[in-house]
Structure formats: C-alpha cells, structure tokens
2 protein chains.
Amino acid sequence: MDSRQPPPSRTVFFVSDGTGITAETFGNSILNQFTIRTRHVRRPFIDTADKAHQVVREINHTAELEGRRPIVFLTLIDREVLEVVKTHSRGLVMDMFGTFIAPLESEFGMTSNHRVGRFSDVARSQQYTDRIEAINFSLEHDDGQSAKNLAEADVILIGVSRSGKTPTSLYLAMQHGIKAANYPLIPEDFERGRFPASLAPYKKKCFGLTIDPMRLHQIRSERRPNSGYASLENCRREVKDAELMMRREGIAWLSSTHKSIEEIATTILSDVRPDRLTY
Amino acid sequence: MDSRQPPPSRTVFFVSDGTGITAETFGNSILNQFTIRTRHVRRPFIDTADKAHQVVREINHTAELEGRRPIVFLTLIDREVLEVVKTHSRGLVMDMFGTFIAPLESEFGMTSNHRVGRFSDVARSQQYTDRIEAINFSLEHDDGQSAKNLAEADVILIGVSRSGKTPTSLYLAMQHGIKAANYPLIPEDFERGRFPASLAPYKKKCFGLTIDPMRLHQIRSERRPNSGYASLENCRREVKDAELMMRREGIAWLSSTHKSIEEIATTILSDVRPDRLTY
C-alpha cells in the first residue's frame, strides 16, 4: 500500500434496543480483521419505530456526507423496529440477531419470543445478585486488605505489586461472578522464605501473576518515578523471588505482560475453576 | 405448555480461538429469545486443528448421549481450525465471524487478515492503558475515599449507601475507560441541607443513582440485619432526602432498581459523556 495514503475509512453504527454493548464488542472483533480506519457510533435503547427513524436519518446523512455507505450492526429484537432500519437505511446492514434466530427457530421447532429488555429480568436474578456479591467480596479482599473469609474465595490471586492482580480480580467478579481475593507478595515475604501464613491453608485456590521486569519498571515508574520501588533492579529481584516462590510451592502462574485482562481471567478459570466454563 | 413437563433442554458450545467471551455474550442474547433450558460449555483458546478435533469429539459425544444435536456458536478466525469444526461436528453450527466477514470483504474490496490473538496487541495499546488507569482511579475514588483529583474524574456518581454506585463506577472504568468516582450521600449531608462542598465545583459531572426503598431495605438487611441503617423507615427517608437534593441541585439521576449495571452505565454515558458513544 502507498504509505503516503491513509487507509480508507468508514463509519460504523451499532444500533441496539439494549445497551448496544454486545453489538459493539462483537462488531469490533469482526472489524479488527480488516485494515481499515473506522469511526464508531453507538446508538443504544432504540426500542420504538420513532427512534429507529431518527437513527435511519443519521445513517443516511452520514452516507451522503461521506459518499460511502456506513456499516450498520444491529441487535434489534422487535420486528417493527428492525424493519424500519433494514428497509430505510442506506447502510450495509448486518442483522446479528435475525441471522441466527431463524435457523434456531427451525431447529427448536418454536418461534422466538422477540422480547426486548432482557436485562430487566436479569437485574433481579440469582446470577446477578451473585455477581454484585462477588464484586463486593473482591473489593474487600483487594490487595491483601483482609484475610477474613478467605475460605469463601473462589480464587486468590498472588503476585508482586502492579502485576495486574486488582483489575483481574474485579473482572473475574464482574464478568463471571467469581469471588476473587488478591494478595500482594512483598519483599518481606521473600526474606522470610516461606509462603504467607494466612494463605497457606488455601494454596490450592492460589493463582500467580508474574510480569516482565522491564514492563513492571515502566508501570511502577509512572506511579513513583525514580523510587527504589520502581527501579529496574528492584523489579528484577522481586519478580525473580516471586517466581521462585510460586515454583517452589507448586502454584500455577502466568505472565500478564502480553495478555489482556479477559485472557488472563479465562486462563485462570480454566485452571482453578474449570467448572465455571460449563453451567 | 404442560406444566408438569420441564421445558426441552439443549447443550450449547461456545468455541473460540480467543477467550470465547464474545461468542458467549452474543450467543446468550440470542438464546434468551427462546423458552428452552440450555447447558453451556465454553471452550476458549481453540487455535490449532488438534484442539479443534478434540472439541469436535466432545460435541459429537454430546450429540450421541443426548440424542439431539448441540448448538455450536463459533468465533474462529483461522480457516483451517474453522473447517475442522464445520466439517466434522454433528452440531448446528453458527459461524459468527464467517457469516459477517464475507459481505464486509466484498464491501471493503479487500480480504480479511484472519489474524488470531488480537488481544495480544490490545494489551499494550493506549486504549488498554487508559482502561487500567481508569480502574485504579475508580478504586481510589470509591465511596468518597478521596476528594483529591476529582477534577480528573469523567463522572462522579452520587447516591445513598448501597444504591449501586460502586459496581457501576467499576464497570464504567473497566468497559469504557471512564474515570468514575463515587460519593455516598449520608444523613449528615441531608441535615446540613446543602450539596457536599467537595463536590460543588463538579456538579456538572455528577450523576445520581436512586433505588426503590423496599429493595434498598432488602439489600442493606443482608449486610446488617435488624439495624437502624437497614430499617425500611430509614431507607425511605434517605431515598426521599437524596431525591429531593438531586432535584433541587438539578442533577440527572435514574433508579437502579430494575436495571443492570450495563444499562445504568450506558444511560450515564449518554447523559454525561455522549462523546464516549462515538469514537
């Protein structure tokens, strides 16, 4: 490709009768497969024909302005709302629900209920309550704050400061309803030469996070520049000591350096709670 | 339907070369449209033909055991891996990527790059760093812990204790990279009769959460049964006072009672940071 030319660009709409988060996450995975610059517009809570017509005007206006048809990802349940967008918009419409609902209707031998607002039911379900409870648990057990009720934890993440424990525990709680405590491994733990006493009874539930020392150095330097804590030498030593300890104690661990929170969380689930991948 | 008969059931596989979270979230939205009991099996990181064959054996074994073909949602990029599952599995295959990639290839006039492991690049992107920073900010500004750097906040959630502020702030940070502080409105704030001084300069960034007093009573009772704090009378008074204050101060608010975290977060974004719906 001619490097002086910017890659072609396109506007992408995510139109949903709910939050549009599913449409957006899924659409992004697909668009990531193309070398193309995109501008994203999310239009949530489109649940009446009126609102649909308004979005159609916006789509068609964009088409006219840009001289190219926008890409339109739809997660719309209501047939009337769906028809408005499909019939009137001058975009390339990707009907993400309709495409898969039709074959399922025939497979199950039943029609789908075209019900909007599924979340409203969700908000009071047991699964939802568990999720909120897990978030509270993970917050109360962040950064080794409390050794109370560790018996209740589904997972205890361990690792040196800033290895990614906190975001991972919160993600596990929020996305999977997992009660994830986390506990920092500090130089004192390494000097003592034994596994932290409060964790010892729960070794089977522990999972370690490690990180490339250079990356750790960068992260810590943003917080406390030029400190001993952030120095490359100290990062190297802490990471080495932590890995030695985890190896010695037979604790599964992974490096967070090149992984997203989602990937780390899924790997931990596969290892510590494989049952949570089936439900 | 005969109420003595349980609804029909089906096993659903989510097979992905990544975490499978997209496949699962999206598949769930679709399955929710049917009155059918399902058992879910997530199989993440299926990125070789060998692993694909293993999953195919599992799918076919299930088909045999249950006498019904499982539903199989796929988010697989690699053509070889995809072909193994599509050709050999005796499930109803929903190829979620392929279905939409083909029309986009023709629209964009280019082939997709069939790249697996998109997250590995993501983990070091600016967007990802912002997300982690937002999580740290939201944690440090949870429950009015710190009035420091409130100028940096994108949003400040206010509301009575247990109205849903903490999970919502964390979700905004984690999912949208929004720096969301939260601040509890307590009886002393209402007695004083004026808006909390530390928030006054940032009124425009404030968003209120309220909740049905009966629901609040239930939630608080789980934490502190039979306390004055949890009593229905007290919950009624606090909620009434908080709503009065928000109305008086002209602060937008919504009720979290029948809403999921995702819905609350999207509504807040639409109101306080509509720019975050376009990027």
Side-chain angles (χ1 to χ4, degrees), chain A residues 8 10 18-22 25-26 29-30 32-36 39-45 71 75 77 92 94 96-97 99-101 103-104 107-108 110 112-115 118-120 122-124 128 132 135 139 142 166-167 170-171 174-175 258-260 262-263 265-266 270 277-279, chain B residues 8 10 18-22 25-26 29-30 32-36 39-45 71 75 77 92 94 96-97 99-101 103-104 107-108 110 112-115 118-120 122-124 128 132 135 139 142 166-167 170-171 174-175 258-260 262-263 265-266 270 277-279:
Chain A
R10 197 71 74 114
T19 61
I21 292 169
T22 304
T25 311
F26 184 51
S29 309
I30 291 172
N32 278 342
Q33 297 304 314
F34 294 93
T35 317
I36 191 163
R39 183 178 75 97
H40 293 192
V41 182
R42 177 148 62 100
R43 288 293 168 258
F45 305 128
I71 312 301
T75 50
I77 295 293
L92 174 62
M94 307 286 198
M96 296 164 73
F97 281 170
T99 305
F100 297 107
I101 281 179
L104 283 174
E107 176 74 16
F108 294 153
M110 59 170 79
S112 66
N113 53 34
H114 294 275
R115 216 157 36 101
R118 305 154 303 282
F119 276 127
S120 308
V122 165
R124 306 197 72 161
Y128 193 77
I132 302 286
I135 294 172
L139 279 175
D142 182 38
T166 295
L170 290 173
Y171 186 85
M174 194 165 285
Q175 189 75 20
H258 298 289
K259 286 195 159 67
S260 69
E262 287 84 346
E263 286 175 308
T266 298
S270 310
L277 295 174
T278 305
Y279 58 96
Chain B
R10 197 70 77 114
T19 61
I21 293 168
T22 304
T25 310
F26 184 51
S29 309
I30 291 171
N32 278 341
Q33 296 304 315
F34 294 92
T35 317
I36 191 163
R39 184 178 74 99
H40 294 190
V41 181
R42 178 148 62 100
R43 289 293 168 259
F45 305 128
I71 311 301
T75 51
I77 295 292
L92 174 62
M94 308 285 198
M96 296 164 73
F97 281 169
T99 305
F100 297 107
I101 282 179
L104 284 174
E107 176 74 16
F108 295 151
M110 59 170 78
S112 67
N113 53 34
H114 294 275
R115 218 156 34 103
R118 306 154 304 281
F119 277 127
S120 308
V122 166
R124 307 197 73 162
Y128 193 77
I132 302 287
I135 294 172
L139 279 175
D142 182 37
T166 296
L170 290 173
Y171 186 85
M174 194 164 284
Q175 189 75 20
H258 297 290
K259 285 194 159 66
S260 69
E262 287 84 346
E263 287 176 307
T266 297
S270 310
L277 295 175
T278 305
Y279 58 97

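Order of the sequence lines sets the chain letters (A, B, ...), proteins ahead of strands, with each chain counted from 1.
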Open item on the list: As an exercise: rank L104(B), L92(B), D142(B) by heavy-atom pairs under 4.5 Å with chain A and give me the winner.
Closed with: L104(B)
Task: Non-neighbouring partners of P167(B) that pass side chain to side chain contact (heavy atoms under 4.5 Å, CB included), sequence neighbours left out - done: I132(A), I135(A), I261(B)
Task: Partner residues of F108(B) under the ring-ring contact (aromatic ring centres under 6.0 Å, His included) criterion, sequence neighbours left out - done: F34(A)
Task: Over all atoms of both residues, closest heavy-atom pair of F100(A) and M94(B) - done: CD2-SD, 3.5 Å
Task: Nearest heavy atoms of Q33(A) and I101(B), plus distance in Å - done: CG-CD1, 4.0 Å
Task: Spacing of R10(A) atom CZ and E107(B) atom CD [to the nearest 0.5 Å] - done: 4.5 Å
- [ ] Calculate, to the nearest 0.5 Å, the distance between atoms OG and CD1 belonging to S29(A) and I77(B) respectively.
- [x] 7.5 Å
Task: Top contributor to chain A interface from T166(B), T75(B), L139(B) [non-hydrogen pairs under 4.5 Å] - done: L139(B)
Task: Part of Y171(B) lying under 4.5 Å from any heavy atom of chain A - done: both
TODO: Give me the ring orientation class for F26(A) and F97(B): parallel if the planes are under 30° apart, tilted from 30 to 60°, perpendicular past 60°.
DONE: parallel
Open item on the list: For a quick test of reading the model, state the closest non-hydrogen atom pair linking L170(A) to M174(B) and the distance between them.
Closed with: CB-CE, 3.6 Å
Task: Between CD on residue Q175(A) and CD on residue Q175(B), distance to nearest 0.5 Å - done: 7.5 Å
